[in-house]
Amino acid sequence: MAEATVRFFEDLDQQGYEPLLAKLSGTLRFDLHEGPQTMHWLVRIDRGQIRVSREDMEADAVVGSSPGLFEDLVTGRENGLAALLRGDMTITGDARLIVQLDRIFPGPPHSVGPHRYRKGVR
Amino acid sequence: MAPSHTVRILDGNTFVVSEATGDIEATPTEPTGLFSIDTRFLSKWVLTINGERLNALSYDDLQYFESRFFLVPGLATHYVDAKLSIIRERAVGGSFRESITILNHDEKAVDLEIRMDAAADFADLFEVKDEILNKKGESYAEAEPDQLRLGYRRGNFRRETLISSSEPASYDRNGFSYQVHLEPNEQWDTDIHVRTHALGPGGRDLRIGLRVHGTERLALQHDLEEWIAKAPKVNSEHGELCSTYRRCLVDLAALRFAPLSLGGQTLPAAGLPWFMTMFGRDSILTCLQTLPFTPELSATTLRILAALQGTRFDDFREEDPGRILHEMRYGESAAFEEQPHSPYYGSVDATPLFVILLDEYERWSGDAALVKELEQECRRALHWIDDCADLVGNGYIWYERRNTDNGLENQCWKDSWDSISYADGSLPPFPRATCEVQGYAYDAKIRAARLARRFWDDPAYAEQLEREAAQLKERFNRDWWVADGGYYALALDPDGRQCDVLSSNIGHLLWSGIVAEDRAEQVAAHLVGDRLFSGWGVRTLAEGEVRYNPIGYHNGTVWPFDTSFCAWGLRRYGFAEEAATIASGILDAARYFDGRLPEAFGGYRREQTKFPVEYPTACSPQAWSTGAPLLLLRTMLGLEPHEGHLAVEPRLPVGMGRIEVLDIPGRWGRVDAFARGRLDLHKLAG
C-alpha cells in the first residue's frame, strides 16, 4: 500500500536537489488522510535543495489528499492541478508551493510525447 | 438585444455581462451573467416592481469595474410612467455589489413590491453557448433568513453564490423581495452583495490570498489612477490619438489578471468576455506591444509562464518539457478533465515568443537579474524548439495535435480549422509548419545568443545558437520562398510542399528578421499592396486567394494586432513609409470604435465600406487589439533601445501632426520623444 508514494518521497530526499524547484523555498506538508489515520510527509525546499521527513509540524503550505489519489498523482495517473480544481486535493497556506511541486510529478504513463513523422508511415 | 448592446464590467476574471437594464437572463445566444473563475455564478438577475419589468432610459460605464443604469417601470413599448425612477449602480471587485435606489416623484404615496429573481446555472464558460441540460452534479438553492444560497456540487467540486442585502429582504429559492412604502418625494435604497465561492472540502476558497489590489471600489479607483499616472503621457494634435491611447491604458488595466496560486502577480488576460484567462501567446504578444508603456507587465508575464513551463509528456494536455502553456482554465470542465486546460500546452509559437520577450524586455528595462533568473527556462524552451517541435526532423517547428478529442488542430495564432491551405484551397495533412513560427524560432536563437554572451557567460552556446540561426535562415529562404509570387509560403506540409497562398504572416517574418535582405522589398510591397492592404489594415489572407473571404475569421479579416506586428517588421527592414501607411490605417479605424479596437474587422476595401465592419462575434476589449495602437506608436516614432539609451527616429504621416510621448520608462530612467508628421503617404500609394 502507498508504495509509489513512499518511493516518490524517498527518491526526492535522496535526489537532494531538484532544478525545477530552484526558485522555490518553503515547507510543504502532505497530510494523506484515510479514515482516522493520517500519514504525514514534510518536504523542506531551500532554493531547490530538498529534504523529506515524516514529521508532523507547521508548514508554509499543507496539502490534503487521500492516499489513493496521491498514489495516482505520483504515478501520473492523475493530474495535480485538475485535482486541486476539483477539490479532491486541498491546499492551505502558500499555494505556489504545490503548483510548483506538481511539476515534478510524472506525466500519464500512457503518454508517448511528440509524434515523429516518417514518410509513408501514418 | 444584440450582444454589442450588453454592458460589461470586470475585475480580473470576475465579470458581469448584462442587458442595458442591468438584468441578466442567460440564453445560449445571449450568454449574459456574473462570471468568475470560468464559471457562471448568476444566470438570472431580473428586477421587477409590482411585477413589472423595467425600461432603461440610459446607462453609463463609469469605469471598467462599475456601471450605472437609469430605469423606469414598464417596457419600452408601453407608456412610460415616469412617476417612479430606479437607479441601479453596480461594481465588481472580487465580489459583485449592486445598489438600488428608488425615487417616488408622485404626489401620492405608493406601495411597492420590489423583487429580484435570481438563479445560477453554474455553467462552465465552455458551455455557456449551449443549452445547459445535463449537468453532472446537483444544484441546490437555500433561502436562509438573511441570505440566499445558490449552489452546485459534483463530488468535492463546489461552487456557491451567496446573496445578501443591507435592507431586510424576504428570501425564497427563486430570489428575494422587499415591501416598500414610499411617501411623495421619498427615496429608498438597498445594497445587495453577491459573493462567489469556489470551495474545497474544508470550505476554504481556492482563491484566498490572490487579490492584486483591494477589492473595494475606492481601492480599484486608486489602483487605476496610479496605473495611468505611471504610464507615459501622450499629447497630439490628432486629438483622437490621445483618447485612443487613454482607452488602451484603461483597458489594459482592466485586462490584468492574477492566475490562481502564483502569488497575485498579474499578466494581461486575452480578452473579455470569453478569454479572461492566461494565454501564452496573447499575453506575450501583448507585452511585446506595450513594453514602452507598461513594462512591468512583461516581467510578471515571463515569471508566471516560466513557473508553469512544461516538464513532462502529457498527451491530453499536449505538454512537453520546455513548452510554454497555451491556455489555463479553472472551470468544471478543466477540473474533471473534460477539457485539457489545466493548463493546455497546444501552441507552437508561445515557446519561442517567450525567449523573444525576455530579450526585448531586457533591452528596454536593463533588468539583468530576470535574464539570469530565467536562464534555465530559456534553455529548456530552446531545447523544445529543436527537439520536441521538430516532428519531421528537418529543422523546423511543426505541429500535430496529440489530443485528438479536443486539442487544437492549428497550433499557431490562426487557429481555426481552415486557416492553413494550399493555393487551390485544399487543406494540407499533418504535421504542418507555418512560416511565422520559423521566424520566431530564428529570432529566439539570435536573441538568446545575445543573452548567453552577455548574461549567462556562455559564449560557446551563443555561437552555437547563431550558427543554428544562420542555417535556419538559409534553409528557410530556400524552402519557403514562392518565387513566382515574390513572397513566403504560409506553411509547408510534411513532404515539403508549399501552402503557397499570400498571407499576413509574411509581416511577422519581417519582424523576426528571417527575411533575406534582397527579398524584403518584395515582401514589403505585398504588405501595402492591394491584395493584402485593405486601407484599414493587412488582411489575414490576400484578396484573390481561393479561401479569401472578407469576413473569414483567419481568411481575410483584418486583425489590428497582426497589422501592428507587420508594421514593426516593415520598420525593422527600413520601410518606414510603408509602416506608417498601415499604422495610420489601424489608428483611423480605432476612431470608429471609440479607441477600442475589436479583435478583427472585415477585410472589405476602405473605399467600399467607408468604415471598418466589425467581425460578428469579435471579443472586446481584447488584449492584443488593445496593445496594437501602442505598438503602432512605437513603430511610427521609431522608438528603439540602443546601447543603453532610447533612440527616437520618427516617421509620421503628415495628417498625424505633432505627437509627443513623455516619460518613457526604461534603463535610461524616463525620456521624452517628439515627432512631427512629414510623410506624404499619398505619394507612396500612387
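Values below: all heavy atoms of this structure, side chains included; hydrogens, waters and symmetry mates excluded. Just so we're clear, the structure is a prediction, and the values are computed from it rather than from any experiment.
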About how many Å separate [atom2] of [Y] and [atom1] of [X], when rounded to the nearest 0.5 Å?
X        : Y        : atom1 : atom2 : value
A:Leu81  : B:Met328 : CG    : CE    : 5.5 Å
A:Tyr117 : B:Asn394 : OH    : CG    : 10.5 Å
B:Phe336 : A:Leu85  : CZ    : CG    : 10.0 Å

| message | Can you tell me which portion of A:Pro108 sits under 4.5 Å from chain B's heavy atoms? Options are side chain, backbone, both or neither. | response |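 It is both, since atoms from each part get that close.
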Taking all non-hydrogen atoms of both residues, which atom of [X] and which atom of [Y] are closest, and how far apart?
X        : Y        : answer
B:Leu391 : A:His115 : CD2-O, 3.5 Å
A:Ser111 : B:Phe313 : CB-O, 3.5 Å
A:Pro19  : B:Arg380 : O-NH2, 4.0 Å
A:Gly87  : B:Asn156 : O-CB, 3.4 Å

| query | So, the side chain of B:Asp315 versus the backbone of A:Val112: is there a donor-acceptor pair under 3.5 Å, distance only? | reply |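 Confirmed, B:Asp315 side chain pairs with A:Val112 backbone.
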| task | Keeping the roles fixed (side chain from B:Thr311, backbone from A:Ile104), state whether a donor-acceptor pair exists under 3.5 Å. | result |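 No, the answer is negative, given that no donor and acceptor are paired below the 3.5 Å cut-off.
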Quick check on [X] against chain A: is it the side chain, the backbone, both or neither that has a heavy atom closer than 4.5 Å?
X        : result
B:Asp387 : both
B:Glu337 : side chain
B:Ala389 : neither
B:Glu377 : side chain
B:Glu318 : neither

| Side-chain ion pair, B:Arg154 and A:Asp88, N-O less than 4.0 Å |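 Answer for the salt bridge query: no.
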| Within 6.0 Å of CD in B:Glu138, more than 12 heavy atoms from elsewhere |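 Yes, because the 6.0 Å sphere around CD of B:Glu138 holds more than 12 heavy atoms from other groups.
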| field | Option that, when pairs with chain A are counted at under 4.5 Å, heavy atom only, ranks first among B:Arg312, B:Gln309, B:Glu332 | value |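 Most pairs with chain A among the choices: B:Arg312.
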| message | Can you tell me which of A:Pro106, A:Ala82, A:Ala83 forms the most heavy-atom pairs within a distance under 4.5 Å of chain B? | response |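 Most heavy-atom pairs under 4.5 Å with chain B: A:Ala82.
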